Amino acid sequence: MFYYGNKYLLQLPKTAFFCSRSIPAEEILRTYDWAREQRKQGRCIISGFHSIIEKDVLEILLKGSQPIIWVLARGLYKKWPETIKNAVAAGQLLVVTQYDENCVRPDRERCLERNRFVANHADVIYNITNDGLCEQYDK
């Protein structure tokens with residue numbers, strides 16, 4: 001495993017967040033509200049933050065101070081945006097991957113492996129499917 005950030009975050013209770021690439025429009029605003037509520041409650045969110053909505057949720061979460069675990073389906077980036085560097089410096093963010101930096105593109109199999117890692121490390125799973133079904137599972 002390769003890490004960038006605060007490894008202690010793996011010891012916290014975590015909520016996994018999964019969202020399909022395309023969801024009904026009415027679910028988008030509800031998802032953003034959900035993210036703001038998680039930020040307000042200080043819950044640790046673990047996700048691949050890969051789909052467009054997942055990336056938006058990451059942006060919302062980064063505006064808070066709650067813990068975030070970002071699991072990549074590729075190697076660690078060589079350059080990080082300032083918001084990511086700041087979150088890591090504050091101890092708020094951990095980026096995890098099982099791939100070295102030479103792996104620069106996710107593929108279907110790596111995404112599935114990443115999603116299994118996320119699900120296996122979560123205490124609660126929150127999933128939004130492409131038909132708009134929102135499900136929360138306590139493990």
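Only this structure's heavy atoms are used, side chains among them; waters, hydrogens and symmetry mates stay out. Note that the coordinates shown come from a computational prediction; the quantities given were computed from them, not determined experimentally.
- Using a 4.0 Å cut-off between a side-chain N of Lys or Arg and a carboxylate O of Asp or Glu, Arg116 and Glu109 qualify as a salt bridge.
- Heavy-atom minimum distance, Ala35 versus Ile60: CB-CG2, 3.8 Å.
- Side-chain atoms of Ser51 come within 3.5 Å of backbone atoms of Glu54 as a donor-acceptor pair (strictly under, hydrogens ignored).
- Residues Leu62 and Ala87 approach most closely at CD2-CB, 3.6 Å, considering heavy atoms.
- In this structure, CD1 in Ile23 is found 5.0 Å from CD1 in Ile28, a value given to the nearest 0.5 Å.
- Between Leu61 and Phe49 the shortest side-chain heavy-atom distance falls below 4.5 Å.
- Although no hydrogens or angles enter the test, the distance criterion places no donor-acceptor pair under 3.5 Å between the side chain of Arg74 and the main chain of Arg110.
- No side-chain heavy atom of Leu72 sits less than 4.5 Å from a side-chain heavy atom of Tyr99.
- A donor-acceptor pair is defined here as one N or O able to donate and one able to accept, closer than 3.5 Å; such a pair exists between the side chain of Gln92 and the backbone of Gln66.
- Relative ring orientation between Trp70 and Tyr77 is described as tilted, the plane-to-plane angle lying within the 30° to 60° band.
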Trace of the side-chain contact (heavy atoms from CB on, under 4.5 Å) decision for Asn86 with Leu93
CA-CA 9 Å; Asn86 292 340; Leu93 178 65; over 6 Å; no
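- Atom-to-atom distance recorded for Leu9:CG and Tyr3:OH is 12.0 Å, nearest 0.5 angstrom.
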Please assess Lys85 against Tyr4 for the test side-chain contact (heavy atoms from CB on, under 4.5 Å), listing each intermediate value before the final yes or no.
CA-CA 9 Å; Lys85 288 195 263 185; Tyr4 176 55; 3.6 Å; yes
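- Remark: the backbone N or O of Ala73 is not paired with any side-chain donor or acceptor of Glu113 at under 3.5 angstrom.
- Here Arg30 does not pair with Asp33 in a salt bridge; the nearest charged N to carboxylate O distance is not below 4.0 Å.
- When every heavy atom of Leu12 is checked against every heavy atom of Pro67, the shortest pair comes out as CD1-CG, 3.6 Å.
- The main-chain N or O of Lys63 is never found under 3.5 Å from a side-chain atom of Arg39 such that the two would form a donor-acceptor pair.
- When hydrophobic clusters are built by joining Ile, Leu, Val, Met, Phe, Trp and Tyr residues whose side-chain heavy atoms come closer than 4.5 Å, directly or via intermediates, Ile68 is grouped together with Phe2.
- Linking Ile, Leu, Val, Met, Phe, Trp and Tyr residues whenever their side-chain heavy atoms come within less than 4.5 Å leaves Leu76 and Val104 in two separate clusters.
- Closest of all the heavy-atom pairs between Gly91 and Asn6 is O-ND2, 2.9 Å.
- Residues Gly5 and Leu94 come closest through the heavy atom pair C-CD1, 3.8 Å.
- For the atom pair CD1 of Ile125 and CZ of Phe18, the computed distance is 6.0 Å after rounding to the nearest 0.5 Å.
- Grouping the Ile, Leu, Val, Met, Phe, Trp and Tyr side chains by contacts below 4.5 angstrom, directly or via other members, places Leu58 apart from Ile52.
- Residues Tyr126 and Ile45 have side chains not in contact (no heavy-atom distance under 4.5 Å, counting atoms from C-beta outward).
- The number of heavy-atom neighbours closer than 6.0 Å to CG of Leu112, taken from other residues, nucleotides and ligands shown, is above 12.
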Please lay out, stage by stage, how Gln38 and Arg43 fare under the test side chain to side chain donor-acceptor pair (under 3.5 Å).
CA-CA 5 Å; Gln38 303 313 297; Arg43 292 194 180 105; 3.2 Å; yes
Take His50 and Lys55 through the test side-chain contact (heavy atoms from CB on, under 4.5 Å) and record every step on the way to the result.
CA-CA 6 Å; His50 188 82; Lys55 289 176 184 177; 5.7 Å; no
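- To the nearest 0.5 Å, atom OG of residue Ser20 and atom CG of residue Asn127 are 6.5 Å apart.
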